Amino acid sequence: MSVRSQDGDTSKHEPGFNDNGEVLRSGISPKFLRQHGIRHVNEDEAFALVDSRTSGIAIPYSTLTSLKLMVNGRHFHRLRLDHPTANAKYLSSKGSGAQLFIPQSPPFALELVIAEGEFKSLALAEAGVRAVAIGGISSAMPSAELLPELKKILRKYNPHTVYFLGDADTCLIFEFSFEAVKLAKTLPAECVLKLPRIPLSMPNGIDDVREHLGDRFPCFWEEIKNGAFEVSPKTTPGTLAARLLIEQLPAIRKASCWRDIYLPRIVALARHLDAITLTELARAVKDHFGINARDFRQSAKQAADNHKQDSFGKAGRREQQNREEEAHENNDESVLGPTEVILPSGHVSFTNCATRLFSILKNSNKFYLSSSVVCHLEDKDGFLSLDVVSDYAFRSAIEGFAKLFSWRAGPHEGSVLLKPGARCSLDIAKTILACKARELLPPVAAIHNCP
Amino acid sequence: MVESPEGGVKVLPKGYHAEAGGRLIAGGDMPEQMEIDKATSVLSEIFQEFDFVTPSDKSRALTALLSPAIKGLGTFHVPFPMFIVEANESQAGKGFLLDLINAIYRESPSLVTQRTGGVGGFDESLSQALINARPFVRLDNIRGNINSTFLEAIMTCPLGSTVAARVPHKGEIRVAPHNFTFQLTSNGLATTRDLVNRACFIRILKRQDYAFRAYPEGSILEHIQANQVRFLSAVYSVLPPWIAHGKARTSTDTRGEGAFRCWWQTLDWIITQFFDMPSPLDGHEVAQARAANPALVWFRELYIKLSALQRLEEWLSATEIVEFCETEELEIPGSSHDHQDSKGVLEYRAPCRQTYGNSL
């Protein structure tokens with residue numbers, strides 16, 4: 001059982017076993033776990049399933065029509081490590097990519113929940129809520145497209161509402177809002193995306209909440225479902241992130257450790273916001289914490305600057321080392337985060353790179369298309385204007401919105417490494433600006449300063 | 001505010017909207033609907049302290065106020081004229097009048113000025129203004145002949161077409177000029193007949209020793225800025241009744257020029273029906289005719305200068321007038337810069353003959 005204090009501390013029991021050797025998980029009965037084939041595996045079994053000699057809980061995946069999801073000729077499993085590392089809590093076999101976890105019941109209906117993590121979807125499924133799971137916040141659309149099984153479910157069952165359920169602390173994670181907006185834009189027109197929110201005063205994950213509430217869980221679920229935020233495809237990730245956070249500010253203020261634990265996370269989120277949304281958040285922070293709005297805005301800008309510098313600083317170098325090791329091990333792009341882009345190199349074409357880059361830039365609120373030319377938004381004396389992005393300016397401008405990687409020859413013959421901290425050359429900038437993928441950017445004919 | 005395909009109007013809130021080729025609303029509060037009588041009363045307040053040459057000039061000022069909102073609907077596909085504000089003296093409030101209009105829309109115009117030296121030219125500034133995508137472009141304090149083929153290309157660009165805006169090192173960008181509202185201030189504009197036919201002239205007189213009304217916020221500009229939503233609400237409240245009348249226009253008045261006739265007739269209907277004011281077309285041809293005739297432009301400036309020096313009652317010979325023009329740096333149309341007196345006299349006769357025919 002998970003215990004979460006008002007101060008945001010979570011002490012979660014490590015995966016355990018009962019006297020019969022069955023897996024025990026918060027908010028899910030051993031029987032239900034057993035029904036789904038979830039079991040503990042030793043190092044040898046783990047190697048056979050995910051190519052890694054480390055013990056853990058094996059989670060077998062199924063499809064809509066088969067009990068076994070086959071990837072690269074093998075039944076796909078994810079492994080919850082008994083001893084998570086700093087880089088990984090779960091593992092899957094090399095090159096198998098992100099997949100959708102589909103609990104066996106209840107039947108599909110007009111409402112579908114997408115949870116982050118298999119155990120959360122199982123907790124909901126056991127409570128009678130139709131849910132599926134993705135491996136992480138950004139795993140629903142790993143290559144700017146919905147997971148194939150998710151696409152099939154949407155096509156076959158036509159749900160009118162999709163609930164994207166994040167943990168309570170996703171109100172402090174910008175990437176959650178980023179992915180939610182992406183998802184809202186991709187869902188069929190007749191399907192709305194809603195975000196049920198677990199209050200920060202509750203346990204962090206929905207499985208822990210179920211464990212915590214017991215019989216009261218169905219009422220709680222109905223309550224957060226009815227109060228869920230509807231995500232308009234037109235909204236921006238920044239606006240959504242600020243909205244989710246502002247709603248939780250009163251709960252955060254009640255925590256005695258808000259200054260040490262939550263405030264740095266609020267500032268970290270704020271660095272992603274545009275000027276207008278940042279001002280709104282700064283005002284709310286002032287109301288709840290008494291922090292001067294200007295100081296808060298400056299901290300957010302400072303955080304953004306530090307983040308950029310970190311890419312080249314000590315932390316950046318450490319991250320680069322980790323990334324290189326990880327990329328070398330996986331040898332694919334599945335390790336890329338939502339704002340990470342591989343420049344044209346290796347098997348990555350100009351078109352692929354431009355498509356991914358403009359998919360990120362289109363949500364930046366900074367880049368727009370004016371008569372087929374890429375322009376960026378500038379603040380001139382307090383009024384927004386467009387200006388053509390020169391190829392020189394584009395090289396550095398994208399660095400504020402995307403982390404750049406490049407494939408390079410590795411130390412061993414024939415090996416390749418995904419190197420972070422790559423620099424966009426003038427030639428690449430020119431070619432990307434000329435790519436048709438630039439049409440992914442929203443076109444702007446006029447900028448108005450009033451409705 | 002845009003017109004929906006169903007015929008109603010909707011106000012686009014802050015954010016990006018794909019409507020009408022893509023609109024980015026950077027901020028501002030949402031306006032509210034008000035009764036048409038109240039709306040016209042609020043809007044009439046704006047220009048009440050300007051001294052317009054004729055009541056029709058005030059009507060034309062109102063057309064300049066309403067046109068950006070009508071253009072913003074995105075469904076009224078007719079060419080809009082350039083709004084030219086002229087005054088008899090400097091500091092009469094030409095720019096201020098346009099500032100009031102801009103303030104209602106919470107905008108700051110992209111300023112374009114005539115340049116005779118320095119870096120960049122008039123066309124380059126104008127190109128940059130179009131690229132900036134801010135809805136108001138103001139050609140500020142234009143003197144004499146604009147002499148810009150690019151401006152003519154913009155004003156004569158067929159509806160729905162684009163012009164090539166170019167700025168150094170950034171290549172060419174095709175821009176639809178019909179997304180913009182063009183404004184111009186001048187004390188003596190001389191231009192081609194083509195441009196004049198695409199312009200709406202608003203003439204004001206400088207008020208001597210006049211104290212403008214003070215508002216709690218300060219000047220009328222500060223008053224509008226402080227109550228911008230109220231004024232914007234008034235502008236937006238005029239449009240639904242007009243749309244409800246089937247986007248009515250005065251079909252009986254055929255004075256508007258060519259493609260602009262539809263705009264003139266529409267605004268004529270709105271101004272005369274809702275504001276109960278004279279037709280904006282009344283007397284407009286006089287201002288148009290003068291701007292298209294360099295001799296008349298010169299003669300107007302000469303008159304204004306002589307009037308300012310209280311010498312209108314004096315008899316002046318042609319030579320004296322040429323000398324006066326040289327002293328006041330008033331260029332005589334068709335004259336060279338280093339002309340002899342006698343030659344200047346002859347040259348003076350030429351524009352006068354142009355103005356008055358052989359009767360001089």
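For clarity, every value in this text was computed on a predicted model and none was experimentally measured. Every chain is numbered from 1, with letters handed out A, B, ... down the list of sequences.
The parts of B:Ile131 that come within reach of chain A are both its backbone and its side chain, each placing non-hydrogen atoms under 4.5 angstrom from that chain. Proximity to chain A (any heavy atom under 4.5 Å) is restricted, for B:Met1, to the backbone atoms N, CA, C and O. In this structure, chain B has no heavy atom under 4.5 Å from any part of A:Leu369. Contact of B:Val175 with chain A is made through the backbone alone, with heavy-atom distances under 4.5 Å. Only the side chain of A:Tyr368 comes within less than 4.5 Å of a heavy atom of chain B; its backbone N, CA, C and O stay farther away. Only the side chain of B:Tyr236 comes within less than 4.5 Å of a heavy atom of chain A; its backbone N, CA, C and O stay farther away.
When the shell of 6.0 Å around CD of B:Glu222 is examined, it contains more than 12 heavy atoms from other residues, nucleotides or ligands. Remark: A:Lys185 NZ is packed, more than 12 non-hydrogen atoms of other residues, nucleotides or ligands lying under 6.0 Å away. More than 12 heavy atoms of other residues, nucleotides or ligands sit less than 6.0 Å from atom CD of B:Glu217. Counting heavy atoms of neighbouring residues, nucleotides and ligands inside a 6.0 Å radius, atom NZ of A:Lys301 does not exceed 12 of them. Dense packing is recorded around OH of B:Tyr215, with more than 12 heavy atoms of other residues, nucleotides or ligands lying under 6.0 Å away.
Looking at A:Val444 and B:Arg23, their side chains never come closer than 4.5 Å, going by heavy atoms from C-beta outward. Two residues are said to be in side-chain contact when any heavy atoms from C-beta on lie closer than 4.5 Å; B:Val11 and A:Pro451 meet this criterion.
No donor-acceptor pair under 3.5 Å is formed between the side chain of B:Arg134 and the backbone N or O of A:Ser385. Under the 3.5 Å distance criterion, the side-chain polar atoms of A:Asn449 are matched with a main-chain donor or acceptor of B:Arg106.
When B:Ala176, B:Pro31, B:Pro135 are compared by the number of non-hydrogen pairs under 4.5 Å with chain A, B:Pro135 comes out ahead. The candidate from A:Ala393, A:Cys375, A:Pro442 with the greatest count of non-hydrogen atom pairs under 4.5 Å with chain B is A:Pro442. Of the listed residues (A:Asp387, A:Asn365, A:Leu384), the greatest number of heavy-atom pairs within a distance under 4.5 Å of chain B belongs to A:Asp387. Interface summary for chain A: among B:Thr162, B:Asp29, B:Leu24, the most heavy-atom pairs under 4.5 angstrom belong to B:Leu24.
Taking each heavy atom of B:Ala133 and A:Ala445 in turn, the nearest pair found is CB-O, 4.1 Å. Of all non-hydrogen atoms in A:Ser370 and B:Ile173, the two that sit nearest each other are O-CD1, 3.4 Å. Residues A:Ile276 and B:Lys14 share a closest heavy-atom pair of CG2-NZ, 2.7 Å.
For the atom pair CG of A:Leu377 and CG of B:Asn132, the computed distance is 10.5 Å after rounding to the nearest 0.5 Å. How far NE2 of A:His448 is from CG of B:Leu12: 8.5 Å, rounded to the nearest 0.5 Å.
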Show, in sequence, the C-alpha distance, side-chain angles and deciding distance for A:Lys234 and B:Tyr16, and conclude whether the side-chain contact (heavy atoms from CB on, under 4.5 Å) test is met. CA-CA 7 Å; A:Lys234 286 183 179 175; B:Tyr16 175 78; over 6 Å; no
Derivation and outcome, side-chain contact (heavy atoms from CB on, under 4.5 Å), residues A:Ser372 and B:Arg174: CA-CA 8 Å; A:Ser372 300; B:Arg174 306 290 311 181; over 6 Å; no
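For B:Glu45, the salt bridge (Lys or Arg N to Asp or Glu O under 4.0 Å) criterion is met by B:Arg230, not counting sequence neighbours.
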